[in-house]
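Just below is one structure, and these are the notes that go with it.
In what follows, chains are A, B, ... by sequence order, proteins preceding strands, each numbered from 1.
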Protein chains: 2
Amino acid sequence: MQDNENKQKQDQLIDKFGSYFGSIGFQPIAGRIIGLLSVSDCEELSFDEITSRLQISKGSASVVLRRLVAEGRVAVVTVEGGRRHYYRLKQQNLFEVLDEFERMCDSVRGLLNTTIDLKADKKSSNARYFYQIINTIDKYKTNMAAMRQAVQTA
Amino acid sequence: MQDNENKQKQDQLIDKFGSYFGSIGFQPIAGRIIGLLSVSDCEELSFDEITSRLQISKGSASVVLRRLVAEGRVAVVTVEGGRRHYYRLKQQNLFEVLDEFERMCDSVRGLLNTTIDLKADKKSSNARYFYQIINTIDKYKTNMAAMRQAVQTA
DNA sequence: ATTTTTGTTCAATCGCGATTAAACAAATCA
DNA sequence: TGATTTGTTTAATCGCGATTGAACAAAAAT
């Protein structure tokens, strides 16, 4: 009973992980695998445990796990002598998400600069708006750099 | 010649806007419309100018524009006496993107908290990892609050 | 009143990633 | 060696949002 209830709560959480990772561009199954590895009390699960717990085909699991391993999100643990593969959540650099966000900011900044360059009237309403955005991005990046430094030295 | 070259550059930029907005969950056409309204020297374009410049069906344009207007990304300008609708880029609150990012942080934070709650061993490797992430999120939010204040009073 | 312009609605299609099933390969066991 | 477990590969399918085309509606022009 207790166990069953716990499992249900875990399943709900796994789905929430799934939709979160789905929202940032992961395949649904990839998100749910990360969810399972995050939620499970046992931190190393076999291929078989993953497919049966998530009720997914071996094919899906194989493809998605390979990708997750290649991306460095999941680690494979091969126990000596055994033939099974075990998978565990790989801990990420905590600033990785911020890195990606800043890269996105950079690309937007570049895009806006090019856009302004191409404009006949650099003082037009939109051009001024774009200048403002560029400015805000710059402030944000300065701020983030300071924060990283603070965390590093802490 | 000059004109044609300029138009090509604009088209490239419009596609870049398109793929950027696509990457953050917009329909391709929505992204390209925003791109056109951003890049165009004329800041108010009619329905017809949009469909013909982007080579899209009236149906698509109608649906997508309605949505963009509903979301507050595009404004409709109806000139007195005329029957045409004109569309212009609506300038956003510059912190809107950050707002969304912070909301996402909040939801992740909640998810991780729930996950830790459910764990048998709160000192497990993953649990400790999740605590670290929560901590970093908190630092980030504190920092952002300070930055906003600074921008407000500037 | 009729025609033209302007835009909307909606059924049908298109494209594409996600997923599966089943055949296949490789390693271990008996 | 033959049987079993463990995972991979790939062709086919599924699902779903994006897009179109064509019929339709509303307003203005003639």
Within the structure provided, determine whether [X] and [Y] are in side-chain contact (heavy-atom separation under 4.5 Å).
X: A:D106; Y: A:K141; result: yes
X: B:M144; Y: B:F95; result: no
X: B:I56; Y: B:V64; result: no
X: B:L13; Y: B:K9; result: no

Practice problem: State, to 0.1 Å, how close A:R73 and A:Q92 come at their nearest heavy-atom pair, and which atoms those are. | Solution: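 Closest approach of A:R73 to A:Q92, heavy atoms only: CA-NE2, 3.5 Å.
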Practice problem: May I ask you to check whether B:Y140 and A:F101 place their ring centres under 6.0 Å from each other? | Solution: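 No, the ring centres sit 6.0 Å or more apart.
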Quiz prompt | Integer-rounded Å distance: C:dA18 C1' and A:I33 CD1 | solution =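 After rounding, the reported distance stands at 13 Å.
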Quiz item: Once each nucleotide of nucleotides 7-22 of chain D is scored for protein heavy atoms under 4.0 Å, what B/S/- sequence comes out, 5' to 3'?
Solution: BBB--------SSBB-
Only distances under 3.5 Å count here; give the side-chain donor-acceptor pairs of residues 18-32 of chain A to other protein atoms, sequence neighbours excluded, each with its distance to 0.1 Å.
from	atom 1	to	atom 2	distance (Å)
A:S19	OG	A:D15	O	3.1
A:S19	OG	A:K16	O	3.3
A:S23	OG	A:Y20	O	2.6
A:R32	NE	A:D15	OD1	3.3

Self-check item: Linked, directly or transitively: B:V74 and B:V63 (ILVMFWY side chains, under 4.5 Å)
Solution: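 Each belongs to a different hydrophobic cluster.
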Quiz item: What dot-bracket string describes DNA chain D from 5' to 3', counting Watson-Crick and G-U wobble pairs whose defining distances are under 3.5 Å, with [ ] for crossing pairs and | for pairs to another strand?
Solution: ||||||||||||||||||||||||||||||
